[in-house]
Amino acid sequence: MMEGLQGLAVRRATEPREVPADATANFGTVFTDHMFLMRYESGQGWHGPKIEPLHALGLVPGTSVLHYGQAVFDGLKGFRGKDGEIRLFRPEAHARRLRRSAERLAIPPLAEEWVVESFLRLVDIDRGWVPGERGTAIYLRPAIIASEPAIGLHPSHSYLYFLILSPVGAYYAEGAAPVSIVATEEFVRAAPGGLGEAKTPANYAASLLAAERAKEAGFTQVLWLDAVERRWIEEVGTMNIMVRLGEEVVTPPLSGTILPGVTRDSALALMRSWGLKVSERPLAIDALIAAAKDGALAEVWGTGTAAVVSPVGEIGWRGERVRVADGKAGALTRRLNDALTAIQYAEAPDPYGWTVPVPVFN
Ligand SMILES: *Cc1c(COP(=O)(O)O)cnc(C)c1O
């Protein structure tokens, strides 16, 4: 595996900073001492892997990505277990998704094993930044941007891959407290044939106004409906959505408009291993609201790297607010969260080989 980045050039920070005491207080605002970089030029391919002290990118104003948004990113976490060892959660799955996102944005794919190695190398160098408290983690943010200094519209001839790290605590201010979500008919996140299944900045730009409106109306997150009929539930905020209807767990199928979450996949695998009935099938908002009213809707939760499992306590729809699970985190929601985090912090066996220890390279 370690062949890919043999030419890796490492330049260490001459004055490493002291890790701030409140480094995990605000999500994604504190970054570690180093970053990983690699470039692409047509004719040359991906080359020149390096780790350098964290620095600004210095893009000229005519840089392609600043105008047309040809960019992708991903997000994953590393956890310090009780034994002190740092483990990344499913780095191969995230590297694969980064490649798929890149393909959708006409970005030349970067070998998955290189991406995984960049994760391991950078976390190793900045391992002193990985917090140790339960609930905290090191967040890895890999991104690829079109770096050609030209505003002609075409796939860029040059790209920059970079990776930065941020120590993080609990994602939502409420912690594991239930969130309230509101379905919107006014805005959509992704349409068939569009970018919904790629982790690309455009999707997040598209979501911001709806998220602001939801907050103004007193909700935490937007419940996205499909773009065609505005009827089928798709995602919640930047999480995949799952609901328990009686003894069946339902989540929308990966039909192209939904981001294929690694947490989603992990949660489905665990629930199937527990013998639960799990269906990937379309679910209409009116059916969801009806089930909430007649008591069939037992639990709703979102899944994603940032919050792992986030319980939903209330759903807004056409001016009405409907409670879910008495506004509390349901039993399966908690079981899933406990099982996933126990694997992440190496407190439980890892039968799927999801966690990858970060070796000491030098
Ligand atoms: C990142 C993301 C998710 C969750 O994916 P994970 O791999 O579980 O972190 C779900 N939906 C959207 C829109 C996302 O951006």
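Any value given below was found using the heavy atoms of this structure, including those in side chains, with hydrogens, waters and symmetry copies removed. Counting convention: from 1, in listed order, for ligands and their atoms alike. Values in this document were obtained by computation on a predicted structure and should not be read as measured data.
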Colleague: Going by atom types only, do Ser64 and Glu148 share a side-chain donor-acceptor pair under 3.5 Å?
Modeller: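 Glu148 and Ser64 do not have a side-chain donor-acceptor pair below 3.5 Å.
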
Colleague: Show which atoms of ligand 1 fall inside a sub-4.0 Å distance from at least one heavy-atom site of Gly304.
Modeller: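 Per the distance check, 4 (C), 8 (O), 9 (O).
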
Colleague: Which atoms of ligand 1 sit under 4.0 Å from any heavy atom of His94?
Modeller: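 Under 4.0 Å from His94, ligand 1 has these atoms: 7 (O).
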
Colleague: Taking the six-membered ring for Trp and the single ring otherwise, decide whether the centroids of Phe162 and Phe73 are under 6.0 Å apart.
Modeller: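 Between Phe162 and Phe73, the centre distance exceeds or equals 6.0 Å.
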
Colleague: Please indicate whether Gln44 has more than 12 foreign heavy atoms, meaning atoms of other residues, nucleotides or ligands, lying under 6.0 Å from its CD.
Modeller: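 Yes, enclosed.
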
Colleague: Can you report which non-hydrogen protein atom sits closest to atom 3 (C) of ligand 1, along with the distance?
Modeller: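 The closest one turns out to be Thr238 O, 3.3 Å.
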
Colleague: State whether Glu280 and Arg272 are salt-bridged, where the test is any N-O pair (Lys NZ or Arg NE/NH1/NH2 against Asp/Glu carboxylate O) under 4.0 Å.
Modeller: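 Judged by the 4.0 Å cut-off on N to carboxylate O distance, Glu280 and Arg272 do form a salt bridge.
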
Colleague: Run the salt-bridge test on Arg134 and Glu347 with the 4.0 Å N-O cut-off and return the result as yes or no.
Modeller: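 Yes, Arg134 and Glu347 are salt-bridged.
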
Colleague: If you count the atoms of ligand 1 from 1 in the order shown, which ones are under 4.0 Å from a heavy atom of Gly261?
Modeller: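 Contacts of ligand 1 toward Gly261, numbered from 1: 5 (O), 6 (P), 7 (O), 8 (O).
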
Colleague: Under 4.0 Å from a heavy atom of Tyr204: which atoms of ligand 1 are those, numbered in the order shown and with their elements?
Modeller: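 Every atom of ligand 1 under 4.0 Å from some heavy atom of Tyr204: 13 (C), 14 (C), 15 (O).
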
Colleague: Under 3.5 Å, N or O to N or O, is Gly237 touching ligand 1 that way?
Modeller: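 No.
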
Colleague: Quick one: look at Met239 and ligand 1, take heavy-atom pairs under 4.0 Å, and tell me if it's side chain, backbone, both or neither.
Modeller: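 Just the backbone.
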
Colleague: Heavy-atom contacts with Glu235 under 4.0 Å: which atoms of ligand 1 show up? List them by number with element.
Modeller: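 By the 4.0 Å cutoff, the relevant atoms are 10 (C), 11 (N), 12 (C), 13 (C).
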
Colleague: Taking Asp33 first and then Arg17, would you say they form a salt bridge - that is, a charged N and a carboxylate O separated by under 4.0 Å?
Modeller: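 Yes, Asp33 and Arg17 are salt-bridged.
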
Colleague: For the pair Trp46 and Tyr159, name the ring-plane relationship: parallel under 30°, tilted 30 to 60°, perpendicular over 60°.
Modeller: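 Taking Tyr159 first and then Trp46, their aromatic rings sit tilted (interplane angle of 30° to 60°).
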
Colleague: For atom 8 (O) of ligand 1, what is the closest protein heavy atom, and at what distance to 0.1 Å?
Modeller: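 The closest heavy atom on the protein side is Thr263 OG1, 2.6 Å.
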
Colleague: Starting from atom 2 (C) of ligand 1, locate the nearest protein heavy atom and write down its residue, its atom name and how far away it is, to 0.1 Å.
Modeller: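 Residue, atom and distance for the closest contact: Lys199 NZ, 2.5 Å.
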
Colleague: Test the Arg281-Trp232 pair against the cation-pi criterion, namely NZ or CZ under 6.0 angstrom from the six-membered ring centroid and within 45° of the ring axis.
Modeller: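 That pair does not qualify as a cation-pi contact.
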
Colleague: Go through ligand 1 atom by atom and flag the ones less than 4.0 Å from a non-hydrogen atom of Arg97.
Modeller: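 Counting atoms of ligand 1 from 1, those under 4.0 Å from Arg97 are 5 (O), 6 (P), 7 (O).
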
Colleague: Could you tell me, atom by atom, which parts of ligand 1 come under 4.0 Å of a heavy atom of Arg189?
Modeller: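 Result: 13 (C).
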
Colleague: Taking atom types as modelled, find out whether Ser156 and Tyr40 have a side-chain donor-acceptor pair closer than 3.5 angstrom.
Modeller: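 The criterion, which ignores hydrogens and geometry beyond distance, is not satisfied for Tyr40 and Ser156.
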
Colleague: For ligand 1, which is the ligand I care about here, please tell me if Thr305 has any N or O atom under 3.5 Å from one of the ligand's N or O atoms.
Modeller: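 Min N/O separation from ligand 1 is below 3.5 Å for Thr305.
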
